[in-house]
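Written below as structure tokens is the structure these notes are about.
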Amino acid sequence: MAGEVSSAGIVIKYCPETTAGTRPTTGYKQKATSATLNIADYVTGISGLGAEYDQYDVTPLSETVRHRFIKGLMNNDGNLSLNANINPTSRADWTAIVTEYAALTGGKGMWFEFTLPGDTQSVYFRGEPCAVNFPDVEAASAIQGTLQIIENEYGGWAAKST
């Protein structure tokens, strides 16, 4: 198959809303401050936004052989996990993003943008970044943990930000 894309070079950005409930199209940042790394410099994996549909059982009481279902709401459990190298620099950057989110007022939220290498579109979602927890630690391994974002709204694919 032609057209395969490597995960190397994925761009991760975030942007607080300037108008509550409206996805920004400009102003996305790759890092919280000029002194820190880009988010993609410490993220080693993304859990993905692959939501599945709930299934609602509509089996009538008269049925004696098999259940019947209809498609329900889409559900990814509301959670997106970024696997990351946890160190003082990545922790400071992510903490700055969490702090920026916490300072938002008037119903404003924060949007995240993921762009695949060479793509003209990005996927967008509105979410709440959570504080860095102490990661699982094992002997003779890198210190990696999970940066969690609670998804509030899926924006889908659209032109990448400028």
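Because the structure is predicted, anything quoted here is derived from the model rather than measured. Position 1 is the first residue of the sequence, and the numbers go up from there.
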(message) Rounded to the nearest 0.5 Å, what separates atom OG in S47 from atom CG in N83?
(response) 7.5 Å
(request) Please assess Q30 against V11 for the test side chain to side chain contact (heavy atoms under 4.5 Å, CB included), listing each intermediate value before the final yes or no. (result) CA-CA 8 Å; Q30 294 186 57; V11 176; 3.8 Å; yes
(request) Kindly indicate whether the side chain of N152, heavy atoms from C-beta on, has any atom under 4.5 Å from the side chain of F125. (result) no
(message) If hydrophobic clusters are built from ILVMFWY residues whose side chains come within less than 4.5 Å, do I46 and I149 share one?
(response) yes
(request) For residues V132 and I86, determine if any side-chain heavy atom of one lies less than 4.5 Å from a side-chain heavy atom of the other. (result) yes
(request) Determine the minimum heavy-atom distance between K160 and S122, stating which atoms define it. (result) CB-OG, 3.1 Å
(request) Verify the cluster assignment for Y42 and V137: are they in a single hydrophobic cluster under the rule of side-chain heavy atoms below 4.5 Å apart? (result) yes
(message) Considering only residues two or more places apart or on different chains, which pairs with a residue in residues 98-124 satisfy salt bridge (charged side-chain N to carboxylate O under 4.0 Å, His left out)?
(response) K29-E100
(request) Starting from Y124, walk the hydrophobic network (Ile, Leu, Val, Met, Phe, Trp, Tyr; side-chain heavy atoms closer than 4.5 Å) and list everyone else you reach, by chain and number. (result) Y28, W111
(request) Output every pair passing ring pair (Phe, Tyr, Trp, His ring centres under 6.0 Å) with a member in residues 128-160, not counting sequence neighbours, ordered by first then second residue. (result) none
(request) Flag yes if L80 and I10 sit in one hydrophobic cluster, no otherwise; membership is Ile, Leu, Val, Met, Phe, Trp, Tyr, and two members link when side-chain heavy atoms are under 4.5 Å apart. (result) yes
(request) Take T26 and S161 through the test side chain to side chain contact (heavy atoms under 4.5 Å, CB included) and record every step on the way to the result. (result) CA-CA 5 Å; T26 61; S161 67; over 6 Å; no
(message) Testing the basics here: between G109 and Y101, what is the closest heavy-atom pair and its distance to 0.1 Å?
(response) CA-CE1, 4.4 Å
(message) If I take atom CG from residue L37 and atom NZ from residue K31, how far apart are they, to the nearest 0.5 angstrom?
(response) 7.5 Å
(request) Find the distance between SG (C130) and CD1 (I150) and round it off to the nearest 0.5 Å. (result) 4.5 Å
(request) May I ask whether V58 and L73 are part of the same hydrophobic cluster, defined by side-chain heavy atoms of I, L, V, M, F, W, Y residues being less than 4.5 angstrom apart, directly or through others? (result) yes
(request) For N87 and S90, indicate whether the former's side chain and the latter's backbone hold a donor-acceptor pair under 3.5 Å. (result) yes
N/O donor-acceptor pairs under 3.5 Å from side chains in residues 138-146, not counting sequence neighbours:
unit_1: S141; atom_1: OG; unit_2: E138; atom_2: O; d: 3.0
unit_1: Q144; atom_1: NE2; unit_2: N85; atom_2: OD1; d: 2.8

(request) State whether the side chain of T59 and the backbone N or O of R68 hold a donor-acceptor pair below 3.5 Å, judged by distance alone. (result) yes
(message) Show the nearest heavy-atom pair for residues A8 and P117, with the distance to one decimal.
(response) O-CG, 3.1 Å
(request) Please name all residues satisfying side-chain contact (heavy atoms from CB on, under 4.5 Å) with A32, sequence neighbours left out, ordered by chain then number. (result) Y14, D93, A96, I97
(message) With a sphere of 6.0 Å drawn around CG of D57, does it hold more than 12 non-hydrogen atoms of other residues, nucleotides or ligands?
(response) yes
(message) Are W94 and L104 connected into the same hydrophobic cluster when the rule is that any two of I, L, V, M, F, W, Y join if their side-chain heavy atoms are below 4.5 Å apart?
(response) yes
(request) With the side chain counted from C-beta on, respond yes when V65 and E63 share a heavy-atom pair under 4.5 Å apart, and no when they do not. (result) yes
(request) Decide whether Q148 and N79 meet the rule of one side-chain donor and one side-chain acceptor closer than 3.5 Å. (result) yes
(request) Determine whether L116 and F114 make a side-chain contact, defined as any pair of heavy atoms from C-beta on separated by less than 4.5 Å. (result) no
(message) Quick test of your reading: applying salt bridge (charged side-chain N to carboxylate O under 4.0 Å, His left out), list the pairs with at least one residue in residues 12-22, sequence neighbours left out, ordered by first then second residue.
(response) E17-R126
